[in-house]
Amino acid sequence: QYLFLWVLFFLIYYYKKKYSKDEAEVFFDYSPYLILGSILGARLFYIIGSFKFYLKFPQEIFMINHGGLSIFGAIFFGIVFIFLFSKIKKFSFWSHLDTLAVVFPLCQSIGRFGNYFNQEAYGLPYDGMIKLYVEKPFRLSKFINVEYYHPTFLYESLLDLVIFLMLFTIFIKSKNLKKGTISAIYLILYALVRLFVENIRLDSVLNIANLHIASIICVFAIILSLIWLYFIYKK
């Protein structure tokens, strides 16, 4: 709750400085709905990716406390929601999206610690200096006797924090950025981070030709973002 309020005021403060004072207050109007819609989208994407499991255990669909949220679902539904709301309230879609793209990796960085408490999203067995102990009930059957793993949640959390610092610096320092630039940079950077993490995670959903769904989405996100950057800067 306090984090949400801090992020909201942070957004409004910098939006007023960079874009428009009049449009800044709109964040108050749609933020609660954006959060709810993003959570629903994140759950829906996860269910689709694990369709066979939820077809077998339909009662688990509503057990969000058991884990199972897709960040890509949250991003996709969030973008769609902001676009639709911008048409209703007549504010700049790209300005709002760029501002949200700055702080979103900070929220991701903090939110990843939920994986730690749920004992999920850990990586391959690892007994190095920075390792994660996983209790027996949360281990995969083929690693049932392995105690320590790569703390992939921590890797992603730290890298998300780096992305936030980079985007925040660009947002504050750059004067002539075209709208949509920061959103594209965010997608590229996060997709690269996720591709790295997916290579060592154990609980990723598999789909086409044994490729991780997340990895496939990351590749498409990078390609589309590069095309978008080329399109807005080609002149």
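Only this structure's heavy atoms are used, side chains among them; waters, hydrogens and symmetry mates stay out.
Within the 4.5 Å cutoff, the side chain of Leu226 has heavy atoms near those of the Ile188 side chain. The closest side-chain heavy-atom distance from Asp98 to Tyr186 is not below 4.5 Å. Counting heavy atoms from C-beta on, the side chains of Asp160 and Phe164 never come closer than 4.5 Å. In this structure the side chain of Trp228 never reaches within 4.5 angstrom of the side chain of Ser183, judged on heavy atoms. In this structure, Ile170 and Leu177 have side chains that are in contact, with non-hydrogen atoms separated by less than 4.5 Å. Side-chain contact between Arg194 and Arg201: present, with at least one pair of heavy atoms (C-beta onward) separated by less than 4.5 Å. Here the side chains of Val134 and Glu147 are not in contact, with every heavy-atom distance at 4.5 Å or above. Counting heavy atoms from C-beta on, the side chains of Ile216 and Val219 never come closer than 4.5 Å.
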Please report the C-alpha distance between Tyr149 and Gln119 in whole Å, then the side-chain angles of each, then the deciding distance to 0.1 Å, and finally whether the side chain to side chain donor-acceptor pair (under 3.5 Å) criterion is met.
-> CA-CA 11 Å; Tyr149 300 81; Gln119 301 241 339; over 6 Å; no
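The aromatic rings of Phe83 and Phe93 stand perpendicular to each other, their planes meeting at an angle above 60°, with 30° marking the opposite boundary. Note on ring orientation: taking the six-membered ring where Trp is involved, the planes of Phe45 and Phe77 are perpendicular (angle over 60°, cut-offs 30° and 60°). Ring geometry for Phe113 versus Phe153: interplanar angle over 60°, hence perpendicular rather than tilted (30 to 60°). Between Phe27 and Tyr30, the two ring planes are tilted [angle within 30° to 60°].
Within 6.0 Å of CZ on Phe81 lie more than 12 heavy atoms contributed by other residues, nucleotides or ligands. A 6.0 Å sphere centred on CZ of Phe138 holds more than 12 heavy atoms belonging to other residues, nucleotides or ligands. Within a 6.0 Å sphere centred on CD1 of Ile130, heavy atoms belonging to other residues, nucleotides or ligands number 12 at most. Within a 6.0 Å radius of CZ in Phe143, more than 12 heavy atoms belonging to other residues, nucleotides or ligands are found. No more than 12 heavy atoms of other residues, nucleotides or ligands sit less than 6.0 Å from atom OH of Tyr116.
Here Leu154 contributes atom CG and Leu132 contributes atom CG; the two are 9.0 Å apart, rounded to the nearest 0.5 Å.
Hydrophobic clustering, with ILVMFWY side chains joined whenever heavy atoms are under 4.5 angstrom apart, keeps Phe76 apart from Leu224. Hydrophobic clustering (side-chain heavy atoms under 4.5 Å, transitive across Ile, Leu, Val, Met, Phe, Trp, Tyr) keeps Phe117 apart from Tyr148.
Nearest heavy atoms, Tyr122 versus Leu140: OH-N, 3.5 Å. Scanning both residues, Lys131 and Pro151, for their nearest heavy atoms gives CA-CD, 4.2 Å.
In this structure a side-chain-to-backbone donor-acceptor pair under 3.5 Å is missing from Asn115 to Glu120. Using a distance-only test at 3.5 Å, with no hydrogens or angles considered, a donor-acceptor pair links the side chain of Thr181 to the main chain of Lys178.
Screening Leu192, Ile222, Ile75 for a side chain to side chain contact (heavy atoms under 4.5 Å, CB included) involving Leu187 leaves a single residue, Ile75.
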